[in-house]
Structures are given as structure tokens and as C-alpha cells.
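One structure below.
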Amino acid sequence: MIRITQLVHGKGTVSEALKHRKKPPHQVPSRLLAFAETRRPVIFWNITNRCNLACAHCYISARPELDDREELSLEEAKAFIADLAEIRVPLLLFTGGEPLVRKDFWELAEYATEKGLKTALSTNGTLITKEVASKIKARGIEYVGVSLDGAKEETHDAIRNQPGCFKRAVQALRNCAEIGLKAGIRVTITRDNYQEITDLLDLAIELKVPRFCLYWLVPSGRGKEIYNLQLEPQEVAHIFDLLYRRARDLNPEEMEILTVDAPQDGIYLLNKLKGDNSQEYENALKLLQYTGDSCSAGDRVANVDPAGNVYPCQFAQLEEFKIGNVRERKFSALWNDSENSVLAAFREKTKFLKGKCGSCVYKDLCGGGCRIRAYAEYEDIWAEDPLCSFNPDS
């Protein structure tokens, strides 16, 4: 995750991160807990495979008719939550599928809050009525990420494969705003919607959305089937330039702009700041060096699927990247197993990088981009990220 707004406006500093390091985890803002030395990762938990939509890019291939019998039971799920609370992870993100279709979601959310965990919700927004928004807030969930894949109704509805879901997602954002529940827009960018990014940013401002998070397409789940819609590296650079300019010109208190699934965006940002002779360049460089905003998979980010399988990230849900299962062994034990070969590889990834990623002077800052993109393109997890347009020889 590259926090463009934070870095452009100097809203985060190394000294601030160091100061919060000394505090107990429950007293530290969640955005800074991820900087801690101990490995307490942000958890992306797919609590269900089922969804009321069938989105074209869904990384878990969720759909309405999927069987839920493999999901962790309520008892198993609570044991997992208790373990996460014991090791004090900085954030538990409920995702899916659509997490709100799981019948015991409310009990799980309430239990996580009772255990002292910070929680967030990733949703398509179609089920968030005013009543549901109030229930989300009452259960202690601090942030709701709502997917919105276009500024036009027809674009979003086509990608999500259901008429009317654009209107319901927009209404969900309004419902959250009305009761003071922080909510943001998440968009996965492809050739089907990249020309609407400017209008989508304008819509976010109109809706008074405090966070705009852009995801680059990753070939996982159904995302593999539409990977021909991935942008070219030069187009990615153009979109990033647009986000940078908007972040620079916007009041940072108005909206935060971030990108996900392309750690190389941190390098693009540094070059932009340097080219603009920005006084924030040195601070941004130090913060990126300190926080390690490279690929977080297997270190500061973990994924647990509906059946309890643990992976380095939500896009790495392949048997060859499976770390273990929380039904067989506690997550805390799995994540701190120094003998696990998958974790060892992901945590030492810069040693194994090939191609231009392997020779790049920025590889320690970037971490080699997205390993799942490289794996999909070259069948080699250590190959270069095909989305990166940076040329280390230029």
C-alpha cells in the first residue's frame, strides 16, 4: 500500500512512527502498528466464499451459489479471533465473498471488538442500508471499504454483473457518512474503467469520502480470466501521475489517496517529488525506508481463507503458497514458524529476484513489485513484475 497523500503532504514521519513504537499496541493508531518490529500482520480474512454478486475480477471467484460447508464454524472462527487478539494484530479485515451474507457475521464482529481487536469491513456495499450501517458501527467496526468500479452506473454494474448495484453502493457510502462511520471507495482498475478515474475521484469528493484506494489488477481467481484487460505499464504510469497530481492539489484533510498491489508506486512517487523539488522528498524517502512499504506479503500482511488456510496474501491462494491451516495449528504458531519454507521465501524475497527487478537499485525499497503478477506471467515467482515500467538502466 502506497499512501500517496500522506507522503506528498508530509503527514507521516519516521519520528512519529518511532514514538508510537514504544506504546502498547492498543494505544497506537492502526496505521502505525504495521510499522512495529514484531510480526503482527494485518489479517485479510475471507470469512465466506459466497457473494450476492459475481464480479469479473474477484480474486476468490466468489458467487451466490457456492457451498459454505467448508467455512470455519462459529466456534472455530471465535478461536481464531481469540488467537489474533492474544498476539495483538493491528487490524482484522473482514472480507469475502461478501462478508455480510454470512449469517453469524454480526456475532463474529462483536466478538472481535470484545477481544480488543481493531476491525474493518471490505464489502460491495449492496447490503448496507441505513439500518445495516448503524449495526456495523454498533459492532465496533471502524472502517468500511466499498467497491466502486466506475463513475458510471453501466460501467460498475457490468463489471459486477448485476443491474442496480452501482446505486446501492453509492447509497451505502451515503448511509455510512450520515452516521459518522468512516467509509472509502476501492476501485480495481482495468481497461474497462480506467478512463473514468477522474470522474470517480470527483464523485468521491462529492460524496465526502475520506479515502480513495486504487487497486491494480492481480491475476488471481477470476482476475486471471480478464487479465487481458490489464493496463500497459505506460498507462499505469499515466494513471499514477493523475493520482499524484490530485493528491498534491487536494487538502489532505479532505481525502486520502492510496494505491495497492504495486509497491513500485513508492519509487514513482519519490521520482515525482524529486522532479517537483518538493521539500517532502527526503521525509518521504526516509519514511518508505523505515516503514518498508514494499510487498508486505508473508510479513506484515496475511490472508486466511474461508476454510482456515493461511497464505502470504489474499492473491496468493494457491497450494504451493499455503502456509498451513488454523484448524490444525494456531495462526500465531504458523506465522512465527521459522522453519516454514513459504514464509522464509517471502520474507527474503529480494535475495531471489530475477530480471530487471533483481538488478534494480530500488529493489530493497520496492521489494520487487507483486510476486503473484510475476508468477502468472512467467510461471516463476521470482521473475520481474510485468506491470512495472521503471527501467533501472535508464
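Basis for what follows: all heavy atoms, side chains included, without hydrogens, waters or symmetry-related copies.
- Here Leu217 sits in one hydrophobic cluster together with Ile226, Tyr227, Leu229; the rule is ILVMFWY side chains under 4.5 Å apart, joined directly or through other members.
- Side-chain contact of Glu71 with Asn49: a donor-acceptor pair under 3.5 Å is absent, judged by distance alone.
- For the residue pair Arg186 / Ser147, a side-chain donor-acceptor distance below 3.5 Å is found, with atom types taken as modelled.
- Just one residue in the list Thr259, Thr5, Asp276, Asp249 forms a side chain to side chain donor-acceptor pair (under 3.5 Å) with Tyr244, and that residue is Asp276.
- Considering every non-hydrogen atom in both Ala284 and Leu273, the closest pair reads CB-CD1, 3.6 Å.
- The two residues Arg191 and Gln230 make their nearest non-hydrogen contact at NE-O, 3.6 Å.
- A cation-pi arrangement is not found for Arg329 relative to Trp335, the charged atom failing to lie both closer than 6.0 Å to the ring centre and inside a 45° cone about the ring normal.
- Donor-acceptor pairing under 3.5 Å is lacking for the side chains of Gln317 and Ser220.
- No salt bridge links Lys137 with Glu142; every basic N to acidic carboxylate O contact stays at or beyond 4.0 Å.
- Arg139 and Thr113 share no donor-acceptor pair across their side chains, judged by distance under 3.5 Å alone.
- Salt bridge Lys152/Glu154: absent, no basic N to carboxylate O contact under 4.0 Å.
- Side-chain contact between Glu377 and Pro386 is present, with at least one heavy-atom pair separated by less than 4.5 Å.
- In the model, His156 has no side-chain atom that pairs as donor or acceptor with a side-chain atom of Asn193 under 3.5 Å.
- Contact check on Lys354 versus Glu384 returns no salt bridge, with no Lys/Arg side-chain nitrogen under 4.0 Å from an Asp/Glu carboxylate oxygen.
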>> One pair to check against side-chain contact (heavy atoms from CB on, under 4.5 Å): Arg222 and His57. What are the steps and the verdict?
In response: CA-CA 5 Å; Arg222 280 197 293 271; His57 51 64; over 6 Å; no
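- For the pair Cys388 and Lys356, the tightest heavy-atom approach, listed with the atom from each and the gap, is O-NZ, 2.6 Å.
- Salt bridge annotation for Asp202-Arg246: present, with a cationic side-chain nitrogen under 4.0 angstrom from a carboxylate oxygen.
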>> Would Tyr311 and Phe321 count as a ring-ring contact (aromatic ring centres under 6.0 Å, His included) here? Give the steps.
In response: CA-CA 6 Å; Tyr311 300 97; Phe321 304 135; 8.5 Å; no
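- If you look at Tyr375 and Trp382, their ring centroids are not closer than 6.0 Å.
- For Tyr378, the ring pair (Phe, Tyr, Trp, His ring centres under 6.0 Å) test picks out no residue, with sequence neighbours left out.
- Counted by atom type alone, Thr155 and Asp149 present zero donor-acceptor pairs between their side chains at under 3.5 Å.
- Counting only N and O atoms by type, the side chains of Lys130 and Asn175 include no donor and acceptor under 3.5 Å apart.
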>> Run the salt bridge (Lys or Arg N to Asp or Glu O under 4.0 Å) test on Glu75 and Lys78 for me, step by step, so that the C-alpha distance in whole Å, both residues' side-chain angles and the decisive distance to 0.1 Å come before the verdict.
In response: CA-CA 5 Å; Glu75 182 180 0; Lys78 283 188 171 183; over 6 Å; no
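- Considering all non-hydrogen atoms of both residues, Arg88 and Arg40 come closest at O-CD, 3.0 Å.
- A cation-pi geometry, defined here as NZ or CZ lying under 6.0 Å from the six-membered ring centre and within 45° of its normal, does not hold between Arg160 and Phe166.
- A side-chain donor from one of Glu98 and Asn124 sits under 3.5 Å from a side-chain acceptor of the other.
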>> Pair Asp265, Val260 - check side-chain contact (heavy atoms from CB on, under 4.5 Å), show working.
In response: CA-CA 9 Å; Asp265 285 350; Val260 181; over 6 Å; no
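- With no hydrogens or angles considered, no side-chain donor-acceptor pair links Asn46 and Asp305 at under 3.5 Å.
- Here the closest heavy-atom approach between residue Leu100 and residue Thr123 is recorded as CD1-OG1, 4.2 Å.
- Annotation for Pro41 and Pro90: closest pair O-CD, 3.5 Å, computed over non-hydrogen atoms.
- Partner of Phe94 under the ring-ring contact (aromatic ring centres under 6.0 Å, His included) criterion, chosen from Phe105, Trp106, Phe44: Phe105.
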